[in-house]
Each structure stands twice: as structure tokens, then as C-alpha cells.
Amino acid sequence: MKTILKKTGILILTVILICSIWPLRADAAFEIPGNCQVQTDTGAAGIVKTLDYSYDGNTYYSLRDMAMLLKDTEKSFSLEITGNSVVLHPGGAYIPAGVENLPWESAENQDISLRRNKFDVREQTVFYYTLIMELPTGVYDCFIMAADLAMILDVDITVPASGSLQIHTQEPLDVSPVSLEQAGYFYGVNSVLVGDATTGEVYYEYQSDSPWPIASTSKLMTCLLTMDAIAAGQIALDEGVTVSGAAQLLAASDDGVIPLEAGGQITVRELLLGALLPSSNECALCLAEAIAGSEEAFVEMMNQKARELGLSQTVFFNCNGLPFYTEDFIPAKRQNSMSSADMFRMVSHLLKVYPQITDYTSLKEVTLESLDLEVRNTNPLLRNLPEATGLKTGTTNRAGACLITSLRADDGTMEHDLVVIVFGSEDSIERGRVSGLLARYALNAFEEGAGWTEPGTTSQLSENLPTHAEAAVERIIQTARKRAGD
């Protein structure tokens, strides 16, 4: 009898578990199909199918429908869409597939998923998040955010009324951070800042004076101290560093990125590449130990450097940005933190004194020869913007998704480094989109007249940015070489 009751109990429990899990699986692919009325300034108008992914209002638009409406305009583009790839050619002629500008046949949820599909624009792979699905006719369509399409085509899109879009084919994309802030766009991030690192001018800032967790963007300070050590002759780029037991343990943990083994040798240059591109925590630890003898001593150097640079809202607990646990009976979980104003000050110093750092951070991928291992840069804007030269991504649960972007701009006399700082976005998708929009704003603001800030923004953070003769000469030489090659 006991055996029968036991088996019956197990069966009932199993049924309960299955019933509780099943709805979760159904909700995991939650897309709300809809239709949007889209009109262009050329008079073309029609229905564009939409999908609200996971949330109402998180809207993705049919690329085929958009391509048909823009077919005979200056913003026309051709499309090739398969089950896992998209090829878009701006200026190309779109060939209709017979499914364009028709409303959904069914209001049922579609069986698709948000994923980073292979996406080529002008024969270059870019990183935009899209939804690809097969329509009932067997034709594949791709759904994309309106903001992402506007960035790809450099076209201005407005919302004249709910459920409609207006595409201004004669106008370039116009990004106004002040308007975005007023609309509540930055409520989804902790802080942002846009400025010119060369002059110290700030074009726009939002919650820039409060400290926030910064995750792996901490490695920019580790990089700065490494460059200081190289400049002082303490270490050399081609010098081999012996991997410690602590670095091996970190590499083998859930936070490990590159498989380092204790006793192995890897050069300082490769450690920098490992820390900056794939964001290797163990490479940052190797650099700290090579320079200061221990991570504890290196962290003291990090905080001392912060004080020297006047970073009043900054504190470091480790060299890589991982959560740091104290050794108390009830351990505290701490994270490196910094205000975006402090980050701008530090990055400006780094780019002024060591402009060659972008030779590393602009690389999309590289092979670490000591390990015979190819690593990729985690910065999506390097694929989406030709002006992007770096700098660093970072993510923890508490910090959210962070990205420090550097952009190269030329005022006709010399090159400038523009910087976009985004702290605490919800995920890597939003991190890339917010950073991409602000990067285009930075480039537009610079082109319209460096030295001017958007109404409602603030001025300069140049008082604690030291000059460096060698860096200035190097910048002039780089600019001259570029002009000679044009």
C-alpha cells in the first residue's frame, strides 16, 4: 500500500511540474503581431507588418515591407533573406517577393526568436538584433527595430501618430539626446555621457556625477597602468609573463575567458589584447601581478591613479571588474564603481597620453600566438560604425551592460577622439542601440561645430586632463601621415 501511495505521489508531482513548466516554455517565444501605417515624404504609403517582441511596444518592423515602400526613393535597398542571414545593399533595387505590405493572416503568436543572425550591409558584417521568420508562403522575412534601420540607412523617421511612421528620405538621421531624455528613453540606463576627449568638451550627460558599478570597463584602468609601466621601462610589450596559479584558477572558473595554465608564458602585448578584446579576467590578473606583484598591491595603484586624475567618484576593489567578496562572516559583495564623468576624464587621459591604445581596441579579432588562439572583440560598434576605434564592454548583473565607445573624427586640422559612455543598460541589445544612437549624435555634433554643446547640456571636464608632449607629437604625425596617404 505504501508503495502504491508513493508511486501515486510521484506521478501527481510529475504532472504538477509538467503543467507548471509548460506555460513558461510557451511564454519564452512571445511575439505580438501587428500592423503599422508607414508613409514616406515621396507619397508612398502602405501597411508594414510588425512584431512586438516580449513586450508591448518593443516593436520590430518588416524589412521587406519597408524595402517595398522605399523602392523608388533615394533610400532604396535590396534584400537577400534566408533562414539565418540577411544581406542588405543600400541603394540597391529591391525585387518584390509578393508578400509585401499585406497585413498578417493570423493574430497567433509566431514561432520565431530574437537572435544575432549574420547580417551584411555593404558587404560588411554588422551587429544588429533581428527577428527572422518564414512566412506562410515560404518566403523569409526579417524584422528590425526602426532605430536600427534608420542608423543603417542614415534616414530620419518620426512617429506622427500612434500606429504610424513617417520616413523622411531627404533628411539624415537626427538624434537629440535631450529629446530622448525628455521622452524617458534613458530611464533604462544608469548614466550616459558624450564628449570630445581631445578638447574635454561634453556634448551631453545624464546622471553623470553619481558612481555606478562599471564591470569590465574597469580594465581600462588596468590598461592605463600597464601603459604607464611600459613607458617607465618596468615591463616591455614583448616580455613574457608567467601565469600564476591564481590566474589559472580564474581561467578555469565560470568567469574564465581564456584557458591559461600555471607556469605558462604569455606576452604583455597578448595579455593587453586578451583583457581588452574578449575581456579576459585572467589576463587582467596576470598584468596586475606582473606590474605590482599581487592584485592587492595593484588595486592600491588603481585607486592612487584615480586620485591623481581627480576621479572623486571612483573606487576599485579588483583589476577586472568582477564582483568582489569580502572575507567577513557575512561577506559583502562589492563592485568597482565610477561616475561617467570620472570615466570620461580617465579615458580622455588614456587617449591623450597613449593614443596607440586604439591600435588594440579597434581590432575586430586577433590571434594570440603564445596560445594559438583567436579571440574576438566584444564591441559591436566596431562592425557598425567605420569611425569606431574602441574601447571596452562590461557586464555584471548589478552593473548591467556597459560600453565605452571611442570614435575618430577630423576637424580639418587634426584628429579628435570622441567618447560615448553608457552605464547600466538592460542587456547587450540595448547597450549597442543606445551607444549607436549616441555615437551618431556625437559625430553630428562634432561636424556641426566642435566646441558647441546641445542646449541643456554642460561644458568641459578638461581641468584635470594632463598634456603630454610625446602624445601630442604622435597625434600630429598620425594626422600628417593620413593626409599624405589621401
Side-chain angles (χ1 to χ4, degrees), residues 116 126-129 145 147-148 151 175 177 180 185-195 197 202-208 211-224 257 275-281 284 320-322 335-348 350-351 357-358 360-364 376-408 417-443:
R116 179 172 281 171
V126 295
F127 280 176
Y128 292 99
Y129 286 85
M145 274 274 189
D148 291 343
M151 286 190 278
V175 179
L180 291 175
Y185 184 71
F186 296 122
Y187 290 173
V189 300
N190 288 335
S191 177
V192 301
L193 188 147
V194 184
V202 175
Y203 297 156
Y204 174 79
E205 56 186 345
Y206 172 75
Q207 298 187 160
S208 63
W212 304 96
I214 59 173
S216 283
T217 63
S218 306
K219 295 184 177 80
L220 290 173
M221 176 60 91
T222 298
C223 171
L224 172 57
V257 177
L276 291 171
L277 273 62
S279 198
S280 166
N281 299 306
N320 47 43
L322 290 172
Q335 295 196 39
N336 297 345
S337 63
M338 179 182 284
S339 67
S340 57
D342 278 2
M343 178 62 79
F344 179 68
R345 204 182 301 275
M346 185 185 76
V347 167
S348 298
L350 174 63
L351 291 170
I357 195 62
T358 56
Y360 295 81
T361 59
S362 61
L363 295 172
K364 297 181 178 69
R376 294 176 59 83
N377 201 319
T378 56
N379 186 348
L381 294 196
L382 292 176
R383 276 83 177 177
N384 298 357
L385 278 174
E387 298 89 350
T389 58
L391 282 170
K392 190 72 194 72
T393 59
T395 305
T396 67
N397 290 337
R398 178 66 183 87
C402 308
L403 177 58
I404 315 301
T405 303
S406 58
L407 306 152
R408 188 61 50 82
D417 290 306
L418 308 182
V419 172
V420 174
I421 297 166
V422 175
F423 285 160
S425 55
E426 182 177 2
D427 53 34
S428 60
I429 300 174
E430 283 305 310
R431 173 178 70 185
R433 186 169 294 125
V434 174
S435 298
L437 289 169
L438 291 177
R440 283 164 174 80
Y441 162 71
L443 292 167

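Remember, it's a predicted structure, so these values are computed and weren't measured experimentally.
Distance CD1/Ile421 to CE/Met338: 9.0 Å, rounded to 0.5 Å.
For the pair Val419/Tyr203, no side-chain contact is recorded, criterion being any heavy-atom separation below 4.5 Å from C-beta on. At a threshold of 4.5 Å between non-hydrogen side-chain atoms, the residues Leu438 and Phe186 count as touching. Counting only heavy atoms from C-beta outward, the side chains of Ile357 and Cys223 approach each other to under 4.5 Å. Side-chain contact between Lys392 and Leu276 is present, with at least one heavy-atom pair separated by less than 4.5 Å. In this structure, the side chains of Met151 and Tyr128 come closer than 4.5 Å at one or more pairs of heavy atoms. Looking at Thr395 and Thr393, their side chains never come closer than 4.5 Å, going by heavy atoms from C-beta outward. Between Phe423 and Leu193 there is no side-chain heavy-atom pair separated by less than 4.5 Å.
Across every non-hydrogen atom of Ser406 and Thr358, the tightest pair is OG-CG2, 4.3 Å. Residues Val420 and Ser435 come closest through the heavy atom pair CG1-O, 4.3 Å. Closest non-hydrogen pair, Lys364 versus Leu382, comes out as CE-O, 3.4 Å. Contact detail for Leu277 and Tyr360: the closest heavy-atom pair is CD1-O, 3.4 Å. In terms of heavy atoms, Pro278 sits closest to Thr378 at CA-CG2, 4.1 Å. Closest non-hydrogen pair, Ala439 versus Leu381, comes out as CB-CD1, 4.4 Å.
Of the possible donor and acceptor atoms, one in the side chain of Arg440 sits under 3.5 Å from a partner among the backbone N and O of Gly436. In this structure, Thr361 contributes its side chain and Thr389 its backbone to a donor-acceptor pair below 3.5 Å. Within the 3.5 Å criterion, the main-chain N or O of Gly321 finds no donor-acceptor partner in the side chain of Ser216. Under the 3.5 Å distance criterion, the side-chain polar atoms of Asn377 are matched with a main-chain donor or acceptor of Leu363. Without hydrogens or angle criteria, Ser191 side chain to Tyr206 main chain gives a donor-acceptor distance under 3.5 Å. Side chain of Gln207 to backbone of Asn190: a donor-acceptor contact under 3.5 angstrom is found. Remark: the backbone N or O of Tyr129 is not paired with any side-chain donor or acceptor of Arg433 at under 3.5 angstrom. A donor-acceptor contact shorter than 3.5 Å is absent between the side chain of Ser208 and the backbone of Ser340.
Ser362 and Arg408 share no donor-acceptor pair across their side chains, judged by distance under 3.5 Å alone.
For the side chain to side chain donor-acceptor pair (under 3.5 Å) criterion with Lys219, the lone passing option out of Asn320, Asn336, Asn281 is Asn281.
Not counting sequence neighbours, the partners of Ala399 by the side-chain contact (heavy atoms from CB on, under 4.5 Å) test are Pro213, Ala215, Gln335, Thr396, Cys402.
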Quiz item: Please walk me through it: do Glu430 and Val422 pass side-chain contact (heavy atoms from CB on, under 4.5 Å)?
Solution: CA-CA 10 Å; Glu430 283 305 310; Val422 175; over 6 Å; no
